[in-house]
Each structure stands twice: as C-alpha cells, then as structure tokens.
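Right, one structure below, let's go through it.
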Amino acid sequence: MKTQKLIGIIGAGVSGLVTAKTMREHGFEVVLFEKEAELGGVWTSTRRYPNVTTQNTRDTYTFSDFPMPRHYPEWPTGQQVQEYLTNYARHFDLLPHIQFGTAIRHADPINGGHGGWVMHTVQNGIPGRVEVDFLVVCNGVFSEPAVPAIQGRESFGGQVMHSTAFRQEHLDAAKTQKVAVVGFAKSAHDILSQVSSVSEKPVCIYREAKWKMPRIFWGLNFKYLLLHRFGESLFPYRFLYGIHKFLHGPMGKPVTNFLVKSIGNLVAAQLKLKKSGLLPDKPFDSIANCSIGLTSDNFYEWAATGDIQLEKGEISRFETDGVRLTNGKKIEADIVVFATGFRQTVPFFDADITRRLRNAKGWFQLYRNVLPADVPNLSFVGYNPSLFTPFTSEMAAHYSAQYVKNQLNLPDAAGMKAEIARHQEWLMQRVPHGHSSGTCIIPFSFHHADELMRDMGLKTRRTGNPVTEFMAPFNPGMYKGLTQELQRLPAARSQPKVGQMLANAVAVV
C-alpha cells in the first residue's frame, strides 16, 4: 500500500533537480521525466554554444547546501555547470529517480487535477503511463528556441540556426565564412566575440542597444556593486517597506537617482558606448528589466574599433547570399544565427488546462510565479528565473512542498487571482516589452525570495548583522537548512489569509 505521495517532475535541469532533492527531504517520493539523454537543462551538451559561461559568479550560481568547487573559475563554463549539477544529483541520490530520454506526450488531470495526474510518456519510442499525486513543471522559461519566420528563408543558400545550435564546427567554419548574428542578448555578444576572433567583421543585427554591466566594473567585481540587497534597492519595487521607503522617498530619491546615474555614466565610459554608437537611448535605470545582462569578452572593445559590424534594424527578408534589412541595406552572410530568445511552452497540457494557466496575452497566471489559482495539485519551479536562479528555484521547490502539505500562508483562489492581476499590471507598466510571459523577477530577486519566505512563515533576515545582510554579495549558504526550519514551525497553517506585508506596504504604481 502506498503511504507517500508521488511527485512527478517534468525536466531534470537546475529546477527539476533541486525540486526532486527538496521534495525527498520533505518526505515525498519523486519521479523525474527528462526528454534528453543527459541532465542539465540549458547546460546540456546539446544546447550550449562553445565557451559559454554563466552570467553569475561561482558562489552566487549555486544551491544553498552544495557550493561549487573552489577550483572553478569566477564565471564557470557551461560544461562545468553541467558537471556541478551531475555531482549534485549523485550526492543527493537523484539519478535513480530520473527517467532519461522520456518525453511527456500529455499530462492528463484526474478529476480535474484533484485526483492527481496521468503522465503519458514516450521512452525510446515505447509509450508509457505513470500516475502521480502532484505535478511540478520544471521545463524552464528557456524551453523552446524562438526563431522568427522571415520571408525568403528557403532561397537562402547558407545556414540558419538558433544560438543554442551554434557549435564548434560553425565557429571553425567562420574562419572562411561571413557570419551575421541577430540579437543583443548575452548569447549574441558571446558568439560575435568568438567569431570576431577568427573571422573578419561579423555582423550584429539588433533592434535596440541595451545597457550591460561589465563583469569587472572599474576594477570591482560586479557582485560587489549590485548582487546584494542594497544594489537591488536602488530600483523601486512594487511595494516599498523599511529602508526602501526612504531610498525612494522625498529624502532618499535624489541620492538614489544620483547613484544610479553615476553608475550609468561610468559604465558608458568604461565600455566606450559613445564611440561604438551603442549608448542606449533609455536611461541607465532601464537596466532593471527582466534580464540584466553582463558584457561578453571583447564585444564592446571590438564594436568600438569596428571589428564587429553593427547594424541597427531588423531583417525584412532572406536573399540567396544574405539578408535584406528593413532600412534597405543588404548584409551578405553564409551563416545567420538568431540569438532571439525562447518561447515558454507547456505543450503537454490540453487546451482547457492551458486556458487556466495563461491569459489571452499568453502570460502565465501563477501566484508568486509558482502556483496556478485554478488548477489543483500543480506547481511551477523555475518560472521565477532571477539573478540567482538555483536559489530561487530552491525556494520555489520548498514553497511547492509546503503547498502539498497544506502549510502555506495563502489567500483563497479569488485572492490569488487578484494578486496576480495587480502584480502583472505593475509588471506591464515597468517592462511592457520584456515581461517574460508574466514570469519576470529580475532584478528583484531578494524581494521575490522574501515573499516566498513570508508565505512559508520563515524569517527573511538570515544573519544578526544588518550591514552584512544589506551590503554583502548574495550568499546562498545563508539559506541552508530550510527543510529543518519548516519542520519546526507549528503544523496548523492551513491556508490563512495572506501575510501582513501587502497590507502594510506602499504600492508603487
């Protein structure tokens, strides 16, 4: 007779692995479904381009109780991250619970989800069926590469690919071929920098220049500048409380504005943005969108010297030997790489479930970016990507476990929907064109983590030193042992009204 609930987990990347480990700590059985032959998600060998590294430093892109090896570089490579995740899975005995090469054809709710889920799988061409009591979606916000449909692609004589398909063989071919990269994200800059080192004048086609932060800012590691609570507090969150009220109030706002503007001026000077023509039209505080990006090695230096050709615009159509831009200019190319992001998809749900998960704009309707208000026995982990994604995924995994145990401080379904609507209305005003389908967290990683912690009844401050708490770079180790903390809480926490933070806070609209 089964005595433990079985948790089904879709995906064995960062979020899926930490969810499996956390759920097992909370006393549940788990089964992970991974469509690839290896674990790692975006860090698998089938998805990473040559020499890709993290945007985080080694000690911030880690789980609370499993630090990265000290011999790793400050910005680990994609291969090292996958190695780290593999060692994590081995250390916590997760590998026996992963079904590799297993795609989910359909996740069928039992009694509307109240009775769990039937997972219809395909493994090596063989269909299967697994019933789970609770389902956690960990397929990630980078699940499906997005390549725009552009007229004339069939007539193009070269290669067209997404950045995730760019490999060493393409880098080698670039020695004798012309390469154009579409986009302005980190992957675009990374590939352009590498191609520029072996080829003459690769082309960057971009719609808008955006602010990037140098990894080393005038001799100072980026993590000491912005990867702490004070750095996050330079930008106003939806709610202002504590010192945030001062920083964005009548007394503190002029100082905060001065600091932010000064950082922007120093970034522009260090990266020679005026010389390259890449000085953004928007003020520096616009960097506080859904993806604060770091610079890639040599990109801005080579953009300033002309070794990387910059073309502001969009592709209107392909031609036999290149692409034509909307401004009429012809760009010759043998390889066109689209570093144009991803689509967030949940293809294993039917139309009815999808309608309850996403609104008419396609935005996910998830309370705290974890729980759907209208679908029982379901949660999402990793749909809160942050500046510290392994940590915020770990938090969402604990949040999901407490939800399964009915020990969360939550409003009712109507209250959850109202809060989702309020949050997404603010999000639309803040980043109307970069909202990540409603899952945007960055740069407010600490604020988001605090909300999850409060709902779970945990203290948000982790040290007795307010200076360290506010000014020191983020340390995931401060959150080690949350399972034990949660187990020591009073058991009777069955869905009371949502905590006092919303009532006491001042809304920023």
Side-chain angles (χ1 to χ4, degrees), residues 42 46-55 78 142 144-153 156-212 271-273 276-280 291 293-327 329-343 434:
V42 297
T46 59
R47 296 192 64 178
R48 59 178 187 255
Y49 51 83
N51 305 311
V52 62
T53 64
T54 64
Q55 292 208 87
F142 306 116
E144 182 182 317
V147 176
I150 297 175
Q151 179 184 358
R153 177 170 172 175
F156 179 56
Q159 291 181 280
V160 179
M161 68 189 69
H162 190 267
S163 55
T164 54
F166 191 81
R167 294 289 179 270
Q168 185 64 45
E169 64 193 75
H170 304 117
L171 184 58
D172 294 338
K175 296 176 183 178
T176 58
Q177 294 182 333
K178 298 175 182 178
V179 179
V181 180
V182 183
F184 207 77
K186 178 180 181 293
S187 57
H189 288 194
D190 281 352
I191 292 172
L192 283 160
S193 295
Q194 294 184 61
V195 171
S196 186
S197 67
V198 301
S199 176
E200 182 179 355
K201 279 199 175 182
V203 182
C204 175
I205 302 171
Y206 67 101
R207 289 186 298 186
E208 179 186 20
K210 297 180 180 179
W211 289 99
K212 304 284 184 179
L271 299 181
K272 299 180 175 63
L273 297 183
S276 65
L278 290 176
L279 183 67
S291 57
L294 297 190
T295 57
S296 303
D297 292 342
N298 302 316
F299 173 82
Y300 282 97
E301 292 86 342
W302 288 338
T305 60
D307 291 304
I308 293 175
Q309 180 180 340
L310 303 171
E311 295 293 343
K312 187 174 182 179
E314 298 181 61
I315 298 175
S316 62
R317 68 178 185 271
F318 279 95
E319 296 188 357
T320 56
D321 57 348
V323 295
R324 182 75 61 176
L325 303 186
T326 49
N327 61 12
K329 190 168 185 177
K330 169 76 174 293
I331 303 296
E332 293 184 357
D334 301 298
I335 302 175
V336 178
V337 182
F338 284 92
T340 44
F342 298 81
R343 297 186 183 92

| Stepwise side-chain contact (heavy atoms from CB on, under 4.5 Å) test for I331 and V336 | CA-CA 10 Å; I331 303 296; V336 178; over 6 Å; no
| query | Would one find more than 12 heavy atoms of other residues, nucleotides or ligands at under 6.0 Å from atom CD of Q151? | reply |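 Result for CD/Q151: open.
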| field | Neighbour count >12 (heavy atoms, 6.0 Å) for atom NZ, K186 | value |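 Counting neighbours around NZ of K186, more than 12 heavy atoms of other residues, nucleotides or ligands fall under 6.0 Å, so yes.
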Check: [Y] main-chain N/O paired with [X] side-chain donor or acceptor under 3.5 Å:
X	Y	answer
S276	A304	no
T340	A146	yes
T326	G313	no
S199	S196	no
R167	T46	yes

Would [X] and [Y] count as having a side-chain donor-acceptor pair, cut-off 3.5 Å?
X	Y	result
S193	D297	no
D334	Q159	no
D172	Q168	yes

| said: Is it the case that the ring center of Y49 lies less than 6.0 angstrom away from the ring center of H170? | reply: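 Between H170 and Y49, the centre distance exceeds or equals 6.0 Å.
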| field | Partners passing salt bridge (charged side-chain N to carboxylate O under 4.0 Å, His left out) against R324 (at least two apart in sequence or in another chain) | value |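 For R324 the salt bridge (charged side-chain N to carboxylate O under 4.0 Å, His left out) partners, ignoring immediate neighbours, are E319.
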| request: Find the distance between CD (Q309) and NZ (K178) and round it off to the nearest 0.5 Å. | output: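 One finds 10.0 Å between CD of Q309 and NZ of K178.
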| Between K330 and D321, is the closest basic N to carboxylate O distance under 4.0 Å? |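 Salt bridge flag = yes for K330 with D321.
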Side chains of [X] and [Y], heavy atoms from C-beta outward: is any pair under 4.5 Å?
X	Y	result
I205	V323	yes
V181	C204	no
N51	Q194	yes

| said: Is there a side-chain contact (heavy atoms from CB on, under 4.5 Å) between F318 and V160? Walk through the geometry before answering. | reply: CA-CA 10 Å; F318 279 95; V160 179; 3.8 Å; yes
| task | Check the pair V182 / V337 against side-chain contact (heavy atoms from CB on, under 4.5 Å), numbers first and verdict last. | result | CA-CA 6 Å; V182 183; V337 182; over 6 Å; no
| What residues, two or more places apart in sequence or in another chain, satisfy ring-ring contact (aromatic ring centres under 6.0 Å, His included) together with F184? |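 With neighbours one apart ignored, the set is H189, Y206.
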